[in-house]
Amino acid sequence: MTKEENEKRLEYLKGIVRRLPDKPGSYQFYDDEHTIIYVGKAKNLKSRVSSYFHTEVDRFKTKVLVSKIHDISYTVVNTEEDALLLENSLIKKYNPRYNVLLKDGKTYPSICVSNEYFPRIFKTRTINKKWGTYYGPYSHLGSMYAVLDIIKELYHPRTCRQPITKEGVETGKYKVCLDYHIKKCMGPCVGKQSYEDYQKNIAQAREILKGNTRQVLRDLKEEMLRLSEELRFEEAEEVKRKYIALDGFVSKSEVVSHTIDNVDVFTITSDEKMAFINYIHVSNGSINQSFTIEYKKKLNETDEELLQLGIVELRERFGSDAKEIIVPEEVNVELGNVKFTIPKLGDKKTLLDLSAMNGKQYKFDRLKQAEKLNPEQKQVRLMKELQEKLHLPTLPYQIECFDNSNISGTDAVAACVVFKKMKPSKSDYKRYNIKTVVGPDDYASMKEVVSRRYNRLLQENLELPDLIVADGGKGQMEVIREVIQDELHLDIPIAGLAKNDRHRTNELLYGFPPMSVQLKTDSELFHVLTQLQDEVHRFAIEFHRNKRSKRALESELDNIPGIGPKTRDGLLNGLKSVRRIREADEATLATIIGPAKARIVYDYFHTGKERD
């Protein structure tokens with residue numbers, strides 16, 4: 001590969017990385033033949049995958065891996081634990097070249113259920129099928145210990161290593177150990193727990209290790225109800241404890257559902273021009289395939305028609321023979337011996353939601369990619385979104401926002417910032433000194449400034465804004481409305497950004513009377529609007545601070561008899577501050593304003609009077 005080809009490859013990969021979401025999930029690296037060479041997991045996909053491409057990466061193995069990567073794909077999930085389970089499933093299916101540890105089953109620990117009279121359940125890295133049945137290997141120790149902990153909590157299998165026989169129990173050969181006294185073992189070695197009860201517990205533990213947790217839950221519930229009907233309430237309470245503990249363990253994972261096997265899941269996300277169909281395949285309770293395709297609409301195809309096409313194409317591409325297909329709505333397509341399911345609740349609905357989330361994320365990534373190539377596309381999208389939210393007659397190309405600033409009514413100023421195409425247009429910013437208002441009256445100050453602003457635009461026949469945004473709630477909006485509609489008879493839409501009790505902007509208001517607009521506070525559009533608000537606030541504060549500082553400086557130097565504005569400005573230009581002027585010696589002052597005036601200034605700051 002030439003240097004130019006390698007740079008092009010890296011730029012392509014970094015482009016993918018920049019579009020990755022800040023969500024948990026599993027990522028896959030492909031080589032030049034589009035074979036998966038590495039599968040990883042991440043709590044934050046963008047942060048984790050970008051770390052491979054940092055210049056300071058010094059591990060040789062990582063550098064070799066990066067040099068082989070030609071493409072990247074990923075699947076988002078809801079929790080970090082789900083990402084671990086998904087990674088494990090994908091590694092087992094594809095055996096990627098650089099996931100070397102997982103290829104060797106002995107590298108990761110497994111859980112063994114021994115073939116003893118009273119079986120033990122323990123972790124091991126040594127596989128010998130003569131000793132017992134093995135489950136695993138587990139690529140994530142946390143998942144393995146979680147399974148062991150729930151089994152120990154529910155069933156209390158023995159942990160001692162002494163060989164126990166039927167004859168030994170019957171003859172009283174054994175004694176209970178500490179685990180019995182602290183209620184971590186039920187004492188089967190001395191007949192405190194029957195052989196049948198112990199084996200029943202081990203059988204349920206095996207089902208949990210196989211992943212059949214939902215079946216165990218059903219069995220526990222049936223047993224609990226049966227015991228209650230037989231008035232055996234203490235035993236029913238113990239079964240209920242097990243049920244609650246196991247249900248809490250199962251609910252932690254949304255990726256694996258061991259009641260679902262060999263199922264396809266399809267969802268569609270579309271807009272006016274494109275449709276994105278996500279496909280997930282579930283086998284043996286685990287997701288082992290996730291893929292999204294996109295269609296460019298040429299006619300007025302419906303989502304149902306495109307979903308039909310996607311189902312046929314993706315099942316053929318991945319060779320799926322699943323007899324059940326989960327979809328979000330009814331699909332009119334005939335597939336031999338295949339059942340279509342539209343779930344409303346439960347594990348299948350969870351998988352459907354997960355597929356929809358991946359489809360939406362893929363659409364968002366593609367949009368981001370297009371906006372990187374054409375930044376104006378993002379601005380147009382945000383303008384269209386704002387137009388739709390507020391039902392504006394035209395795109396809000398020019399947006400203006402106002403804010404006041406004063407301290408107890410002194411040095412009162414106001415500012416107007418202008419955004420064009422959702423970006424600051426700083427050359428159009430305006431500052432205003434409040435002229436007609438005495439004291440701290442924000443509403444009156446706002447009324448004066450808005451009136452001055454738009455009277456001036458009308459007089460000079462300049463372009464009016466498409467939207468005015470008030471840096472405040474209903475009160476500010478009403479003041480602007482009085483000027484715009486009642487006095488000037490203009491038809492300019494007015495919105496407001498209201499704050500909550502903690503002085504944080506939390507809603508967009510529009511209309512008269514103002515109503516809250518449904519807009520998520522973490523959306524891009526809301527961020528742009530709060531940027532507009534922050535910008536007008538910054539601009540007003542900066543103007544007020546400069547005015548206040550200038551007045552303070554001028555009043556100090558203007559108190560010196562015999563020193564006029566020209567000398568004052570010369571001193572400030574030369575020494576930059578009153579403090580430096582006060583601390584300067586007479587010779588330094590003389591180099592700037594001459595010896596006679598230097599003596600006056602020096603004496604003013606050091607003796608409070610002129611020399612004789």
Side-chain angles (χ1 to χ4, degrees), residues 371 375-405 414-432 442 445-447 449-458 460-485 488 490-499 505-512 514-543:
E371 289 173 355
E376 287 192 2
Q377 186 172 327
K378 176 182 178 180
Q379 298 159 24
V380 172
R381 172 174 61 84
L382 291 174
M383 286 192 291
K384 284 184 177 179
E385 184 179 352
L386 184 57
Q387 181 184 16
E388 291 172 2
K389 290 288 184 183
L390 303 183
H391 304 288
L392 302 177
T394 60
L395 279 179
Y397 173 83
Q398 181 170 320
I399 305 174
E400 297 187 356
C401 187
F402 295 87
D403 190 23
N404 303 320
S405 182
C416 170
V417 301
V418 180
F419 271 36
K420 292 182 176 179
K421 295 182 71 173
M422 309 305 280
K423 286 191 173 184
S425 179
K426 295 192 176 183
S427 61
D428 294 309
Y429 286 12
K430 296 296 180 184
R431 297 186 178 99
Y432 296 92
D442 281 345
S445 299
M446 178 66 69
K447 190 169 185 178
V449 171
V450 172
S451 179
R452 287 167 58 185
R453 167 69 174 168
Y454 296 112
N455 270 302
R456 177 73 175 272
L457 292 182
L458 290 172
E460 298 182 3
N461 199 27
L462 297 175
E463 187 175 359
L464 294 170
D466 302 297
L467 177 67
I468 299 172
V469 177
D471 177 31
K474 299 177 181 180
Q476 297 278 19
M477 291 177 66
E478 177 58 26
V479 169
I480 295 174
R481 188 200 66 77
E482 289 175 2
V483 176
I484 296 298
Q485 296 181 4
L488 301 179
L490 296 173
D491 187 19
I492 303 175
I494 301 166
L497 291 168
K499 296 181 174 66
T505 302
N506 69 332
E507 64 177 342
L508 174 66
L509 301 176
Y510 185 70
F512 292 98
M515 302 293 289
S516 179
V517 178
Q518 294 298 318
L519 185 63
K520 292 183 178 179
T521 56
D522 59 352
S523 66
E524 280 188 287
L525 178 57
F526 196 84
H527 288 164
V528 172
L529 293 174
T530 53
Q531 180 191 359
L532 172 70
Q533 185 182 42
D534 293 342
E535 182 70 358
V536 72
H537 187 64
R538 177 199 65 79
F539 194 54
I541 290 292
E542 183 182 83
F543 181 35

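Contact between Ile494 and Tyr510 at its shortest, heavy atoms only, is O-CD1, 3.2 Å. Of all the heavy atoms in Phe526 and Leu508, the pair that sits closest is CE1-N, 4.5 Å. Here the shortest heavy-atom pairing between Pro514 and Leu509 reads CB-CB, 4.2 Å. Between Met422 and Pro396, the shortest heavy-atom distance links the atoms SD-O, 4.5 Å. Pairing each heavy atom of Ala414 with each of Val449, the nearest pair is CB-CG2, 3.3 Å. Among all heavy-atom pairs drawn from Met477 and Gly511, the shortest one is CE-O, 3.9 Å.
The distance from the OG atom of Ser523 to the CG atom of Leu382 is 9.0 Å, given to the nearest 0.5 Å. The structure places OG of Ser451 at 6.0 Å from CG of Leu488, a figure rounded to the nearest 0.5 Å. Put simply, CZ on Phe419 and OH on Tyr397 are 13.5 Å apart, with the number rounded to the nearest 0.5 Å. A distance of 12.5 Å separates CG of Leu392 from CD1 of Ile492, quoted to the nearest 0.5 Å. A distance of 10.5 Å separates OG1 in Thr394 from CE in Met383, rounded to the nearest 0.5 Å. The distance from the SG atom of Cys401 to the CD atom of Gln476 is 9.5 Å, given to the nearest 0.5 Å.
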**OP:** Go through the steps to decide whether Leu458 and Leu464 satisfy the test side chain to side chain contact (heavy atoms under 4.5 Å, CB included), and finish with yes or no.
**Re:** CA-CA 8 Å; Leu458 290 172; Leu464 294 170; 4.3 Å; yes
Subject >> side chain to side chain contact (heavy atoms under 4.5 Å, CB included) between Val469 and Val536, worked out >> reply: CA-CA 10 Å; Val469 177; Val536 72; over 6 Å; no
Original post:
Going through the distances and angles, do Phe539 and Lys426 end up as a side chain to side chain contact (heavy atoms under 4.5 Å, CB included)?
Top reply: CA-CA 10 Å; Phe539 194 54; Lys426 295 192 176 183; over 6 Å; no
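Around atom CZ of Arg538, more than 12 heavy atoms belonging to other residues, nucleotides or ligands sit under 6.0 Å away.
Within the 4.5 Å cutoff, the side chain of Leu457 has no heavy atoms near those of the Glu463 side chain. A 4.5 Å side-chain heavy-atom check between Pro424 and Val417 finds every atom pair outside the cut-off. Within the 4.5 Å cutoff, the side chain of Val450 has no heavy atoms near those of the Ile468 side chain. The side-chain heavy atoms of Leu390 and Leu467, taken from C-beta on, include a pair separated by under 4.5 Å.
With sequence neighbours excluded, the residues satisfying salt bridge (charged side-chain N to carboxylate O under 4.0 Å, His left out) with Lys447 are Glu482, Glu487.
Geometric assessment of Arg481 against the ring of Phe512 yields a positive cation-pi assignment under the 6.0 Å and 45° thresholds.
Listed by first and then second residue, the salt bridge (charged side-chain N to carboxylate O under 4.0 Å, His left out) pairs that reach into residues 385-403 are Glu400-Arg453, sequence neighbours excluded.
Between the side chain of Asp471 and the backbone N or O of Phe402, no donor-acceptor pair lies under 3.5 Å.
When each of Gln387, Gln398, Lys420 is tested with Asp466 by the rule side-chain contact (heavy atoms from CB on, under 4.5 Å), just one qualifies, namely Gln398.
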